[in-house]
Participant: 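Quick one: structure below, then a few questions.
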Amino acid sequence: MELDKDLKQFLEKIMAFANKTGIAYRTGDIYGGLAGFWDFGPIGVEIKNRIKDAWWTEFVRNRDDIVGYEGAIITHPKVWEASGHLSSFTDPLIFCEGKCKKKHRLDHLVEDQLHIQSEHLDLEGMRELVLKEGLICPECGGKLGKPITFNLMFKTQVGPIQDSASIAYLRPENAQLIFSGFRNVIDSTRVKIPFGIAQSGIVFRNEISPRNFLFRVREYELMEFEYFTDPQKTNDCPVFEDVTETQVNIYSRKEQTDKISDDFVPMSIQKAWDDQIFKNKWQAYWLATFNNWFTDKMGINGNKLRFRQHLESELSHYALDTWDIEYQYNFGWKELMGCANRTQYDLEQHQIHSKTKLHFSETDETGVKRYVPYVVAEPSVGLGRILLTILADGYQEETVNDRKRVVLKIHPSLAPYDVAVFPLQKKPQILAKAQDIFKFLRAQGFTVNFDDGGSIGKRYRRHDEIGTPFCVTVDFGTLEDENITIRDRDSMQQTRIPIEKLVEELKNLRNNYLAAKMI
RNA sequence: GCGCUGAUAGUCUAGUCUGGUAGGACUCCAGCCUUCCAAGCUGGCUACCCGGGUUCAAAUCCCGGUCGGCGCACCA
């Protein structure tokens, strides 16, 4: 059976599937749900934790140049003042109640139509002007409604007294915790430039319109790091060789604005660098490294990934150049990961606002050198988006014996269970033997599920659906010869091996999963 | 946030127009049977998104809200 993943309904199918299998549910479901917020169920939390662990292992534990950090969710308000988030995100808006229903910046309307400065007016002041001066919608001449203040940040108060001094914000990104904690990290550890500081944590954004299941949400876990270099050596990337051969799909500004080519171009990282498509070598390195991590460790189809450069008009206030790695969802090519070159902007801002020196000192042959480090790359990826991508990419429907088989073909290292153990029959000796193997595998560090419910076929299907890569079945023969059957999720092939080789075999199968798939 | 549209068990759905005992399939649970790919039989659990209104009577009609989808807008 061919499953058309481009269909508009595909994501709804994934949502129903995730709900049914215990991956994700609407939060407060019994009360009707809350838009933009999701709970993760028993299966979802396992997959999620494995993705997170894979990220941390790859980019923190297994690297000499990146250290970890974990900042507070409710953040010192000055942090957002310094970063520019506070001033950039309190736009007063007003809606047209006439024909066009469009939204307008109220401060701009007041300035344009009345030619007065709006800077010192609050929302109420501007509202009075609208009524007094009879301002109308500049689009269609319709009546204007009640104005609102739009801020992307969730606000809260700290302590029992509610006044302006008690206002604090839930962080909309982890990055500012890293920047505001930068001084402490360089003072308390022996990091050497170039290096990165990584953080995985929950962030909050009061999105106007949450959409597409786990894709656009108001609370999510962001895994990101800031990679700092000497501002004079932003292109000194000694590990660039590791990625030069990597083949990626490039969708640069040129492809997006040229009428002639409005499609991405496949090429190697080396060629992209030679053709000056990237402005910074480290940024190219990190994008390529993540591309490989998505395909090799997350098992995501590389043909559905592309590198899209932000247009000038899209760039954030702090960014010199930003590239997204996009995935081709059924609802279009959308950002899976962003990687901005944030320059020295943030550290310099915090240096000014905090009156604390945020420079790095190092000694070389020419003497002592001091500088504010330069963030060449900030690879930033939402955990929920990876989970969604893995579900969308791995969900398959096949026809087996005229019946539908739903199988989640996710990388074995991300599956909620490493292996399931079944007794072929509920006979006491077989049950006991299966229990022994179950306990043995668990003691060996595998995440194991024991299932003796219903028929053997039903158990295989149940585990196909949640992505369990291997099932081990104990039968009468096992009692005689100590052999069991390993059944492979994707191919449904069965192999009979001795119990003593089981652990080794499971590890081999898991480690060679992608290579075996290629053949 | 605006416009259009929808919401019935864990899942898929019938019933809504035309108000009158909410039905089926799959899943799940128990039992029997069977024993390497969702087999069969019997039994069981579980639902009209929420709040008002109209009515003798509302899943059904009306109003408001919530949540989803699509489009627009938004996405530093």
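Letters go in sequence order (proteins before strands), and every chain restarts at 1. Everything quoted here is computed from the prediction, not taken from an experiment.
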Participant: Do the rings of A/Phe17 and A/Tyr395 sit parallel, tilted or perpendicular, given the 30° and 60° boundaries?
Facilitator: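 Because their plane-to-plane angle is over 60°, the rings of A/Phe17 and A/Tyr395 count as perpendicular.
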
Participant: Could you tell me how far B/U27 sits from B/U42 if I compare only their P atoms? Round to whole Å.
Facilitator: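 The same atom, P, in both gives a distance of 14 Å.
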
Participant: Would you state whether a donor and an acceptor, one from the side chain of A/Arg487 and one from the base of B/C37, lie under 3.5 Å apart?
Facilitator: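 Looking at the base of B/C37, it does pair with a donor or acceptor on the side chain of A/Arg487 (distance under 3.5 Å).
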
Participant: Has A/Lys458 got a side-chain N or O lying under 4.0 Å from the OP1 or OP2 atom of B/C28?
Facilitator: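 It does, given that an N or O in the side chain of A/Lys458 lies less than 4.0 Å from OP1 or OP2 of B/C28.
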
Participant: Mind checking who B/C45 pairs with, Watson-Crick or G-U wobble, both distances under 3.5 Å?
Facilitator: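 B/C45 is unpaired by these criteria.
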
Participant: Is it the case that the side chains of A/Gln425 and A/Lys427 hold a donor-acceptor pair, with the cut-off being a distance below 3.5 Å and no angle test?
Facilitator: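 A pair is found: one side chain offers a donor N or O, the other an acceptor, under 3.5 Å apart.
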
Participant: Considering only atom C1', compute the distance from B/G15 to B/C4 and round it to an integer number of Å.
Facilitator: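 Pairwise C1' distance, B/G15 against B/C4, rounds to 25 Å.
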
Participant: Can you check the distance between B/C50 and B/A14, where both ends of the measurement are the C1' atom (answer in whole Å)?
Facilitator: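 One C1' to the other, the span is 24 Å.
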
Participant: Could you tell me how far B/A30 sits from B/C67 if I compare only their C1' atoms? Round to whole Å.
Facilitator: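 The answer is 36 Å between these two C1' atoms.
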
Participant: When the C1' atoms of B/C62 and B/A73 are considered, how many whole Å apart are they?
Facilitator: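 To the nearest whole Å, 31 Å.
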
Participant: Nearest whole Å is fine: how far is B/G69 C1' from A/Arg216 CZ?
Facilitator: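 Result: 16 Å.
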
Participant: Grab the CZ-P distance between A/Phe215 and B/G69 for me, whole Å please.
Facilitator: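 The distance from CZ of A/Phe215 to P of B/G69 comes to 13 Å, rounded to the nearest Å.
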
Participant: Give A/Phe17 one of three labels, base, sugar-phosphate or nothing, depending on what nucleic acid heavy atoms sit under 4.0 Å from its own.
Facilitator: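 Nothing: the residue A/Phe17, judged by heavy atoms under 4.0 Å, touches no strand.
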
Participant: Given that A/Arg211 and A/Glu173 both sit by RNA chain B, which one's nearest nucleotide is further toward the 5' end?
Facilitator: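 Comparing both residues, the 5'-ward one is A/Arg211.
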
Participant: Counting only distance, no hydrogens or angles, is the base of B/C36 paired donor-acceptor with the side chain of A/Asp475 under 3.5 Å?
Facilitator: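 Donor-acceptor pair under 3.5 Å: yes.
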
Participant: Regarding B/C75, can its base be found pairing with the side chain of A/Glu314 as donor and acceptor, where the two atoms are less than 3.5 Å apart?
Facilitator: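 Side chain to base: no pair present.
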
Participant: Going by salt bridge (Lys or Arg N to Asp or Glu O under 4.0 Å), A/Asp464 matches just one of A/Arg459, A/Lys404, A/Lys409, A/Arg487. Which one?
Facilitator: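 Only match with A/Asp464 under salt bridge (Lys or Arg N to Asp or Glu O under 4.0 Å): A/Arg487.
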
Participant: Expressed in angstrom and rounded to an integer, what is the separation of A/Lys426 atom NZ from B/G31 atom C1'?
Facilitator: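 One finds 10 Å between C1' of B/G31 and NZ of A/Lys426, rounded.
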
Participant: Write down the distance between OH (A/Tyr460) and P (B/U27), rounded to a whole number of angstrom.
Facilitator: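 Taking OH of A/Tyr460 and P of B/U27, I get 19 Å after rounding.
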
Participant: Would you list the protein and nucleotides 10-12 of chain B atom pairs, both N or O, that sit under 3.5 Å from each other?
Facilitator:
residue	atom	partner	partner atom	Å
B/U11	OP1	A/Asn19	ND2	3.2

Participant: Please tell me if A/Ser455 has a side-chain N or O lying less than 4.0 Å from either OP1 or OP2 of B/A39.
Facilitator: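 Yes, because at least one side-chain N or O of A/Ser455 sits under 4.0 Å from OP1 or OP2 of B/A39.
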
Participant: Please classify the nucleic acid contact of A/Asn212 as base, sugar-phosphate, or nothing, using heavy-atom distances under 4.0 Å.
Facilitator: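 A/Asn212: backbone/sugar contact only, no base atoms under 4.0 Å.
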
Participant: Taking only N/O atoms, report every protein-nucleotides 47-49 of chain B pair under 3.5 Å with atom names and distance.
Facilitator:
none

Participant: Between B/A59 and B/U13, how far apart are the two C1' atoms, rounded to whole Å?
Facilitator: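 Nearest-Å result for B/A59 against B/U13 at atom C1': 14 Å.
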
Participant: With a 3.5 angstrom cut-off on both distances, give the Watson-Crick or G-U wobble partner of B/U55, or none if there isn't one.
Facilitator: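 Paired with B/U55, as far as the under-3.5 Å criterion goes, is no nucleotide at all.
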
Participant: Students often mix this up, so state it plainly: with edges at 30° and 60°, are the rings of A/Trp282 and A/Trp286 parallel, tilted or perpendicular?
Facilitator: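 Parallel: the ring planes of A/Trp282 and A/Trp286 meet at under 30°.
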
Participant: Donor-acceptor pair, distance only, cut-off 3.5 Å: does the side chain of A/Arg253 make one with the backbone of A/His310?
Facilitator: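 Yes; at least one donor-acceptor contact below 3.5 Å.
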
Participant: P atom, B/C49 versus B/A9: distance in rounded Å?
Facilitator: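 The answer is 7 Å between these two P atoms.
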
Participant: Is the A/Phe154 ring parallel, tilted or perpendicular to the A/Phe37 ring (thresholds 30°, 60°)?
Facilitator: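 Ring orientation, 0 to 90° scale: tilted.
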
Participant: Base, sugar-phosphate, or nothing for A/Glu335, non-hydrogen atoms under 4.0 angstrom?
Facilitator: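 No contact.
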
Participant: On a whole-Å scale, what distance lies between the P atoms belonging to B/C61 and B/U18?
Facilitator: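 It comes out at 9 Å once rounded to the nearest Å.
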
Participant: Is it the case that the base of B/C36 and the side chain of A/Thr485 share a donor-acceptor contact (distance under 3.5 Å, atom types as modelled)?
Facilitator: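 Present.
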
Participant: Under 6.0 Å from the ring centre and within 45 degrees of the ring axis: does the NZ or CZ of A/Arg306 meet both conditions for the six-membered ring of A/Phe264?
Facilitator: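 Not flagged: A/Arg306 not positioned over aromatic ring of A/Phe264.
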
Participant: Decide, yes or no, whether a salt bridge links A/Glu482 with A/Lys433 under the criterion of side-chain N to carboxylate O below 4.0 Å.
Facilitator: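 Yes, A/Glu482 and A/Lys433 are salt-bridged.
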
Participant: From the set B/C36, B/C75, B/A38, return the single nucleotide nearest to any side-chain atom of A/Glu465.
Facilitator: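 Per side-chain heavy atoms of A/Glu465, the pick is B/A38.
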
Participant: When both hydrogen-bonding distances must be under 3.5 Å and the geometry is Watson-Crick or G-U wobble, what is B/A7 paired with, if anything?
Facilitator: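 The answer is B/U66, by the H-bond criterion.
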
Participant: Decide yes or no for A/Leu222 and A/Arg205: does some side-chain heavy atom of the first lie under 4.5 Å from some side-chain heavy atom of the second?
Facilitator: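 Yes - at least one pair of side-chain heavy atoms lies under 4.5 Å apart.
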
Participant: Over how many whole Å does the gap from A/Gln425 atom CD to B/C33 atom C1' extend?
Facilitator: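 So the two atoms are 12 Å apart, to the nearest Å.
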
Participant: Is a donor on one side and an acceptor on the other found under 3.5 Å between the side chain of A/Arg171 and the backbone of A/Gln176?
Facilitator: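 Pair absent, no side-chain N/O of A/Arg171 close to backbone of A/Gln176.
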
Participant: On a plain distance test, is the side chain of A/Arg403 in donor-acceptor contact with the base of B/C37 below 3.5 Å?
Facilitator: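 Flag unset: no donor-acceptor pair detected.
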
Participant: Do A/Trp323 and A/Phe278 have side chains that get closer than 4.5 Å, going by heavy atoms?
Facilitator: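 They are in side-chain contact.
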
Participant: Base, sugar-phosphate or nothing for A/Phe10? Non-hydrogen atoms, less than 4.0 Å.
Facilitator: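 The answer is nothing, as A/Phe10 stays clear of every strand by at least 4.0 Å.
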
Participant: Which base sits across from B/G71 as a Watson-Crick or G-U pair, both distances under 3.5 Å?
Facilitator: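 Matched B/G71 with B/C2 under the 3.5 Å cut-off.
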
Participant: Whole angstrom is fine here: how far is it from CG in A/Leu34 over to P in B/C67?
Facilitator: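 Distance, rounded to whole Å: 6 Å.
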
Participant: So which nucleotide does B/G40 pair with, by the Watson-Crick or G-U wobble rule with both distances under 3.5 Å?
Facilitator: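 Pairing partner, where one exists within any strand: B/C32.
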
Participant: Calculate the interatomic distance between A/Phe331 atom CZ and B/G71 atom C1'; express it in whole Å.
Facilitator: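 In whole Å, B/G71 C1' and A/Phe331 CZ are 16 Å from each other.
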
Participant: When A/Asp418 is tested against each of A/Arg442, A/Lys507, A/Arg510 for side-chain hydrogen bond (donor to acceptor under 3.5 Å, both in side chains), which residue passes?
Facilitator: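 Looking at A/Arg442, A/Lys507, A/Arg510, the match for A/Asp418 under the side-chain hydrogen bond (donor to acceptor under 3.5 Å, both in side chains) is A/Arg510.
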
Participant: Nearest-Å distance, CD1 (A/Ile208) to P (B/G1)?
Facilitator: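 A/Ile208 atom CD1 is separated from B/G1 atom P by 10 Å.
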
Participant: Are the charged groups of A/Asp475 and A/Arg496 less than 4.0 angstrom apart, N to O?
Facilitator: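 A salt bridge is present here (some side-chain N lies under 4.0 Å from a carboxylate O).
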
Participant: For a quick test of reading the model: is some side-chain N or O of A/Arg462 closer than 4.0 Å to OP1 or OP2 of B/C28?
Facilitator: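 Yes, A/Arg462 has a side-chain N/O under 4.0 Å of OP1/OP2 on B/C28.
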
Participant: Classify the side chain of A/Arg26 and the base of B/C67 as holding, or not holding, a donor-acceptor pair under 3.5 Å.
Facilitator: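 Between B/C67 and A/Arg26, which were checked side chain against base, a qualifying N/O pair under 3.5 Å is absent.
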
